[in-house]
Number of protein chains: 2
Amino acid sequence: MTRDGGSGGAAGVDPQQLWLNTGRSGKGRRPAFSREAITAAAVALADSEGIEAVTMRRVAAQVGAGVMSLYSYAPDKETLLELMVDHVSGELPATGAPTGDWRADVKAVAHLQRDLMLRHPWLPAALSTRRGLGPHTLAFLERALAALRPTGLDGAARLEAFAQLTAFVAGHVAHEIAQAAVARSPDRAAAEARYLAAVAADGHHPELAEVLSAPARPVSPEATFTRFLNRLIDGLGSD
Amino acid sequence: MTRDGGSGGAAGVDPQQLWLNTGRSGKGRRPAFSREAITAAAVALADSEGIEAVTMRRVAAQVGAGVMSLYSYAPDKETLLELMVDHVSGELPATGAPTGDWRADVKAVAHLQRDLMLRHPWLPAALSTRRGLGPHTLAFLERALAALRPTGLDGAARLEAFAQLTAFVAGHVAHEIAQAAVARSPDRAAAEARYLAAVAADGHHPELAEVLSAPARPVSPEATFTRFLNRLIDGLGSD
DNA sequence: TCTATTCTCGTACACTGTACGTAAATCGAG
DNA sequence: CTCGATTTACGTACAGTGTACGAGAATAGA
């Protein structure tokens, strides 16, 4: 009996072996489930009930497996989370012909990432601890590097730029989601407003007081995102 | 018996009540510990052994309290994490006279945030789910808003700019930490290099292949950070 | 048919957050 | 001082977590 692989095969010391070795040897009992199905179930759970609902027991129940059967497909839960990240990255269109306007191309890349993160709100936090290097992530990286080619940046700099862009998008969306969560609940929003007003009234926070005193005109999140994104991108061409 | 407050007082529905109400009524048994001490112990634990080492039992042991005694100071663990975030924000110098060069001032703000996150590597991930609105965080926000004043942006835009800056720094540092963790372990780094080389050799990742084929000249993380920070800041004044 | 290999999954265990209840400390009032 | 009210301290208990172990079932090649 092995406890380190499964139909896909995952190693202990070498985290990258996860992504290779997906072939079956042919011998032994035929797998009843698949890494795909398990990962998809985990993603569905995280999407609908939040990342904390992703427990081995609930994922197993979702796919109709015994709990311990999951460990034939991923060596541990952390690995399952990595699989989840790459799984949703599969939703990103990896092909997108360079249009000749590299700014537009890079903008498109960032917007695809943002849309993905909004569809899977657990993703920004999951990415902040993990480095996605699965096939889907790498396919999208390929597209991003191609989009960045006309900038004239060298290879390392393009890699950096993509990492930076991803970090920016993740940070932005995380904030955006938190903001939206507060706004969705009127009591929460009111409580926060009351609290901030109290702080502003203490005299030690003049800047905050001024900001709060101004009429709060509504601004769409995507407008904000686009604005900051443009700033970041405009800086890319010039060294 | 109450289970909703303590020497500080924390409420159920109103998360902001956490930060108010820190006065003791005078009655009842005198507290043997303090929110400060408990939070500091939790932070020390997270700094030295990672955020997953922060369990109620270990924090209690650290301060010499019974486990359930912690619940007199924070209503639940999530609240303790919020306290931790604000606690470390206390390390940020809240005063820093505007120098007249607002770009430099904003840059200083970002660098202070980055240094803080490097000192407390769990902070980026913790921030990505939480919105710090504690006194220390607000004090630093005050400084940031003051630094942004000369940009000519209106209140809401300055608030946005700060949130964006924080999100950017958190995203960057999270990536920086992950990168450093891999680099610290030669086996990990070698395994990753081997894996990426294999992917690049498959013919389907020409961009990645090119990036990897170039000689990897070492580049300091702070240089990268500064470069991208400048790009972001340069875009702030316009529009 | 035999054996090696692979997958399935029930049971068990250490560990988590925390609800509940009791005991101890401290206050103001009488 | 005594008394009741109030607050804190914390042992015990419980549901839920990730997963180690090992016994059994299924399959392929010899």
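Numbered from 1 within each chain, the chains take letters A, B, ... in sequence-line order.
- Under the 30°/60° scheme for interplanar angles, the aromatic rings of B/H172 and B/F225 are found to be tilted.
- A 4.5 Å side-chain heavy-atom check between A/W19 and A/D86 finds at least one atom pair inside the cut-off.
- If you check distances only, the side chain of B/R29 does reach the base of D/dT8 with a donor-acceptor pair under 3.5 Å.
- Atom CE of A/M56 is separated from atom C1' of C/dG10 by 16 Å (rounded to the nearest Å).
- Protein atom CD of A/E52 is 15 Å distant from nucleotide atom C1' of C/dT16, rounded to whole Å.
- At whole-Å resolution of the value, CE in B/M68 and P in D/dT12 are 13 Å apart.
- One finds no side-chain N or O of B/S69 lying less than 4.0 angstrom from the OP1 or OP2 phosphate oxygen of D/dT8.
- Toward the 5′ end of DNA chain C lies the nearest nucleotide of A/V67, the other residue of the pair B/T55 and A/V67 mapping further downstream.
- OP1 and OP2 of D/dA28 both lie 4.0 Å or more from every side-chain N or O belonging to A/S25.
- Rounded to whole angstrom, the span from the NZ atom of B/K77 across to the C1' atom of C/dT18 amounts to 12 Å.
- Distance B/R24 CZ to D/dA5 P: 19 Å, rounded to the nearest Å.
- In the set D/dA9, C/dT18, D/dT17, the nucleotide with an atom closest to the side chain of B/S72 is D/dA9.
- Remark: P of D/dG16 and CZ of A/R58 are 11 Å apart, rounded to the nearest angstrom.
- Residue A/F33 contributes atom CZ, which lies 14 Å from atom C1' of C/dT6 at whole-angstrom precision.
- Here the closest non-hydrogen pair linking B/H205 and A/A139 is NE2-N, 4.3 Å.
- Taking only side-chain nitrogens and oxygens, A/Y71 never comes nearer than 4.0 Å to OP1 or OP2 of C/dC7.
- The 5' end of DNA chain D is approached more closely, in terms of each residue's nearest nucleotide, by B/R57 than by the other of B/R57 and A/R57.
- Contact between the side-chain N/O atoms of B/Y73 and the OP1/OP2 oxygens of D/dA9 is found at a separation under 4.0 Å.
- OP1 or OP2 of C/dC27 has at least one side-chain nitrogen or oxygen of B/R30 nearer than 4.0 Å.
- Nearest heavy atom pair, residue B/S89 against residue B/L116, reads CA-CD2, 4.2 Å.
- Remark: side-chain polar atoms of A/E142 are paired, donor with acceptor, to backbone N or O of B/E207 under 3.5 angstrom.
- Going from atom NZ of B/K27 over to atom C1' of C/dA29 covers 9 Å, rounded to whole Å.
- Contacts of A/G66 with the nucleic acid, taken as non-hydrogen atoms under 4.0 Å apart, involve only primed sugar atoms and P, OP1 or OP2.
- Within 4.0 Å (heavy atoms only), A/A65 reaches sugar-phosphate atoms of the nucleic acid but no base atom.
- A/A32 comes within contact range of the sugar-phosphate backbone alone, with a heavy-atom separation under 4.0 Å but no base atom that close.
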